[in-house]
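These notes are about the structure you will find just below.
Just so we're on the same page: letters track the sequence lines, and every chain starts at 1. Worth knowing before you read on, the calculation uses all heavy atoms, side chains too, and leaves out hydrogens, waters and symmetry mates.
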There are 2 protein chains.
Amino acid sequence: MDVIRKNKISIRDIAKECNVSVATVSRVLNNSSAVKEQTRLRVQKVIDKYNYKPNELARGLYTQRTKSIGVILPEITNHFFAKVFLEIERAALEYGQTVFLCNTLSDYKLEDFYTERLTEKQVDGLLLLGGRVNQTKTNIQYVNLLKREVFPTPVVIINGKLDNYSENCATVSSDEYEAMYQAVQYLTGLGHRNIAFLGGKKGIMSTDIKLAALKAAAKSYNFVIKKEWIKLSDYTYQGGVSAMNKLLAEKDKPTAIIAINDEAAAGIINTCISKGYRVPDDFSVLGFDDSFIAATTLPSITTLSHPYKKLGSIAVSFINDMINEKPIGKDKNISLRMSIVERQSCKRL
Amino acid sequence: MDVIRKNKISIRDIAKECNVSVATVSRVLNNSSAVKEQTRLRVQKVIDKYNYKPNELARGLYTQRTKSIGVILPEITNHFFAKVFLEIERAALEYGQTVFLCNTLSDYKLEDFYTERLTEKQVDGLLLLGGRVNQTKTNIQYVNLLKREVFPTPVVIINGKLDNYSENCATVSSDEYEAMYQAVQYLTGLGHRNIAFLGGKKGIMSTDIKLAALKAAAKSYNFVIKKEWIKLSDYTYQGGVSAMNKLLAEKDKPTAIIAINDEAAAGIINTCISKGYRVPDDFSVLGFDDSFIAATTLPSITTLSHPYKKLGSIAVSFINDMINEKPIGKDKNISLRMSIVERQSCKRL
DNA sequence: AAGAGTTTTGTATCCGGTTACACCTTTTTT
DNA sequence: AAAAAAGGTGTAACCGGATACAAAACTCTT
């Protein structure tokens with residue numbers, strides 16, 4: 001079967017109509033070197049007449065720059081990822097880059113697949129968030145593009161880290177460890193010393209970090225986290241519900257609850273209310289992430305917010321430094337402070 | 001400044017190492033025509049050895065297919081758009097397509113800008129949702145790519161429509177008019193005849209359609225919608241709050257409330273509860289969209305769900321029909337039925 | 001073993017841009 | 001006014017694939 005060529009108008013057509021060479025048209029398009037004003041105008045006129053836009057494929061083929069970057073994340077329906085993505089796109093726009101979005105649904109095969117796909121599409125860089133890079137102990141296979149010694153595609157990881165080959169990629173993270181300290185400081189400041197931790201999942205980075213930080217903070221503030229007050233489940237609303245139900249089954253009860261994230265916190269709050277407890281009167285509940293849901297529960301959730309804007313803009317600027325082979329140096333692993341957003345779910349004891 | 005070429009390994013390198021022509025390597029890559037098994041294996045071996053992946057830019061330049069499609073929408077942080085996007089991507093994957101995501105933040109300039117950008121990037125098709133196409137009366141400028149008589153980029157609009165140039169694009173929509181009929185039938189079935197409508201904004205398609213449908217349905221079911229029970233605001237949680245506050249200021253009160261969407265419904269419910277009313281005992285509240293929030297409020301929201309999966313898969317299949325120049329015929333404007341999801345926010349009178 | 005038919009492979013061109021380098025003008029310098 | 005410098009433009013090669021067409025290498029007849 002013959003390929004049907006949709007010969008759109010090309011630079012050669014423009015050149016012919018202007019009686020100039022393609023080089024001149026190209027110069028006008030890119031403002032790359034001096035063109036006599038008179039010629040410039042003549043060419044521009046024809047460009048406008050046909051509303052001619054250069055083919056970015058052809059351009060990219062020669063320049064080795066596509067001005068496209070790829071973002072790989074688990075699920076864009078998750079509000080956290082959506083917020084980060086929005087900031088990434090906003091930042092990319094400033095660098096003239098457009099972004100591919102790939103959802104892996106936490107399927108490792110899809111992670112690998114998309115990594116390859118985007119590389120074939122010659123993206124200038126790759127941003128990874130969540131997924132395998134959030135697994136504390138997994139040896140990451142899909143980042144074998146980082147192993148390539150020659151001209152690897154620049155990779156930046158947001159809120160995750162790589163144990164192997166990390167020298168080939170930069171990371172930008174929210175400092176969840178420190179954030180947990182803030183959380184504990186805030187709650188102890190309100191008089192709480194009996195604190196539970198609900199939700200999350202062992203082996204996932206943000207859970208492991210938060211738990212470790214919580215234990216360390218407890219030691220600093222001189223109280224203990226009872227084992228039976230730690231109920232892991234997952235990162236969902238339902239996870240919050242089930243963890244809270246387990247907690248309520250204990251005879252000893254805390255006065256404050258730290259949830260792995262806002263979705264779980266919402267589940268926790270609603271479970272309390274359904275069972276006749278009041279929030280924050282009977283339990284103070286603290287969330288993480290500052291998701292959309294945090295502002296829409298009753299009571300609304302006091303939470304630790306990610307520095308979304310910075311997360312996106314720094315990641316994109318890192319990518320561009322790497323693209324332009326500027327050394328990022330030792331600052332290539334940045335940790336950003338999270339900040340508390342006070343709402344209604346926590347109360348002085 | 002000299003351009004630095006990152007000469008990655010190319011098809012010519014592979015060909016040389018195998019002592020065959022580039023044509024043969026290309027044939028192996030694409031399984032396009034018979035290659036002697038022995039040769040095939042030899043070539044494949046070298047391909048694997050270098051983990052060689054063909055450059056999609058070069059391929060696309062010749063084939064005039066990028067296997068990329070673009071999605072333009074207002075804001076991915078909006079759960080409705082995120083859900084649709086996820087389905088689009090899933091469907092695109094089956095066609096071997098990867099997708100660019102562009103957020104316009106409802107800025108018309110950005111809509112135009114991205115439309116142009118994506119066209120320059122030679123996307124095989126464009127999917128539009130929300131934004132200007134959701135404005136009932138605006139004359140759409142940015143779809144002037146549809147005006148091109150020769151080889152226009154295929155465009156499919158999801159939940160929107162175009163007044164001009166619509167013959168050049170297909171549409172896939174949720175039938176919100178019929179959905180409102182379902183809503184009214186459901187509420188009247190529960191004995192409600194005093195129904196309010198809160199949220200939304202005049203001039204936006206889904207508001208205008210729903211209002212018109214509500215009035216028509218009221219007529220069919222023989223009741224009237226009081227003017228003072230229609231409080232427009234917007235599509236947000238806060239919009240629900242403010243509309244509900246206005247409604248509560250009226251001395252005459254309805255028994256059921258239809259919200260423009262679930263976010264507004266959440267605001268409405270929380271406002272009721274904050275003011276000492278009970279939902280669904282004092283007010284039944286019905287939402288639209290089946291957003292994430294609908295399952296996480298207390299009470300959870302009974303709502304009309306979009307056919308997300310179909311919305312995405314049909315849109316993508318339309319795009320591909322257009323790409324392959326298959327005539328879509330008169331079915332190119334499809335309207336899909338929404339379905340009610342019963343939760344806890346509505347109750348028999 | 002020559003000729004016909006089939007299978008496999010190679011050559012050269014194309015896709016649509018960018019740019020090094022050469023060449024031709026024009027302006028400036030002396 | 002000639003030489004040097006600067007300015008403007010064109011030619012041709014290149015980026016890395018796909019494929020039409022030609023040619024070579026087989027296989028099968030008779």
> Given axes from five pairs at either end, by how many degrees does the helix from dA1(C)-dT30(D) to dT30(C)-dA1(D) bend, rounded to 10°?
Replying inline: 50°
> Taking OP1 and OP2 of dG10(D), is either one under 4.0 Å from a side-chain nitrogen or oxygen of T24(A)?
Replying inline: yes
>> Under a plain distance cut-off of 3.5 Å, with no hydrogens placed, do R40(A) and N31(A) share a side-chain donor-acceptor pair?
In response: no
> Within a strict 4.5 Å, meaning less than it, do heavy atoms of the N159(A) and L129(A) side chains meet?
Replying inline: no
> Contact class for T39(B) (heavy atom, under 4.0 Å): base, sugar-phosphate, or nothing?
Replying inline: sugar-phosphate
> In whole Å, what is the span from the CD1 atom of I11(A) to the C1' atom of dT9(D)?
Replying inline: 14 Å
> Counting only distance, no hydrogens or angles, is the base of dG8(D) paired donor-acceptor with the side chain of R27(A) under 3.5 Å?
Replying inline: no
> Could you give the CG-to-C1' distance, from L29(A) to dT19(C), as a whole number of Å?
Replying inline: 14 Å
> Near DNA chain D, which residues from residues 41-49 of chain B have a heavy atom under 4.0 Å away?
Replying inline: none
> What integer distance in Å separates R65(B):CZ from dG16(D):C1'?
Replying inline: 20 Å
>> Measuring to OP1 and OP2 of dG8(D), would you say a side-chain N or O of Q38(A) lies under 4.0 angstrom away?
In response: no
>> From CD of Q122(A) over to C1' of dG16(D), roughly how many Å is that when rounded to an integer?
In response: 9 Å
> Are Q64(A) and dG16(D) close enough that a side-chain N or O sits under 4.0 Å from OP1 or OP2?
Replying inline: yes
>> Considering every strand and a 4.0 Å limit on heavy-atom distances, what is the contact class for V20(A): base, sugar-phosphate, or nothing?
In response: sugar-phosphate
> Without hydrogens or angle criteria, can the side chains of K67(B) and T98(B) be said to hold a donor-acceptor pair below 3.5 Å?
Replying inline: no
> Side chains of V172(B) and V156(B): does their closest heavy-atom pair fall under 4.5 Å?
Replying inline: yes
> How close or far is atom P of dC15(D) from atom CZ of R12(B), stated in whole angstroms?
Replying inline: 8 Å
> S68(B) and K121(B): side-chain donor and acceptor closer than 3.5 Å?
Replying inline: no
>> Between P on dT9(D) and CD1 on I14(A), what's the gap in Å once rounded to a whole number?
In response: 17 Å
>> Rounded to whole Å, how long is the line connecting atom CG of L61(A) with atom P of dA13(D)?
In response: 17 Å
> For the pair made of CD1 in I9(B) and C1' in dC15(D), what is the distance, rounded to whole Å?
Replying inline: 16 Å
> Given side chains that start at C-beta, do those of L73(B) and L127(B) come closer than 4.5 Å, heavy atoms only?
Replying inline: no
> Among the nucleotides dT9(D), dG17(D), dT11(C), which one has an atom lying closest to any side-chain atom of A23(B)?
Replying inline: dT11(C)
> With a 3.5 Å cut-off and no angle check, do the side chains of E75(A) and N103(A) form a donor-acceptor pair?
Replying inline: no
>> What I'd like to find out is whether the side chain of N324(A) reaches to under 4.5 Å of the side chain of R65(A), using heavy atoms alone.
In response: yes
>> Does dC15(C) have its OP1 or OP2 closer than 4.0 Å to a side-chain nitrogen or oxygen of N55(A)?
In response: no
>> Under 4.0 Å, heavy atoms only, any strand: does D13(A) hit a base, just the sugar-phosphate, or nothing?
In response: nothing
> For the side chain of V22(B), counting heavy atoms from C-beta on, which of dG17(C), dT19(D), dT9(D) is nearest?
Replying inline: dT19(D)
>> Check this one for me: any side-chain N or O of R59(A) less than 4.0 Å away from OP1 or OP2 of dT18(C)?
In response: yes
> For dG17(C), does OP1 or OP2 lie under 4.0 Å from any side-chain N or O of Y52(A)?
Replying inline: yes
> Which residue lies toward the 5' end of DNA chain D, K36(B) or P54(B), if each is placed at its nearest nucleotide?
Replying inline: P54(B)
> Would you say the side chain of T77(B) lies within less than 4.5 Å of the side chain of F85(A), judging by non-hydrogen atoms?
Replying inline: no
> Ignoring hydrogens and angles, are the base of dG8(D) and the side chain of R40(A) linked by a donor-acceptor pair under 3.5 Å?
Replying inline: no
>> salt bridge (charged side-chain N to carboxylate O under 4.0 Å, His left out) for E120(B) and R117(B)? Distances and angles first, verdict last.
In response: CA-CA 5 Å; E120(B) 289 168 22; R117(B) 251 298 170 73; 5.1 Å; no
> Looking only at side-chain N and O atoms, does S26(B) come under 4.0 Å of OP1 or OP2 in dA18(D)?
Replying inline: yes
>> Angle between ring planes, F100(A) versus F100(B), binned at 30° and 60°: parallel, tilted or perpendicular?
In response: parallel
> Quick one: is S21(B) getting a side-chain N or O under 4.0 Å of the dG10(C) phosphate, OP1 or OP2?
Replying inline: yes
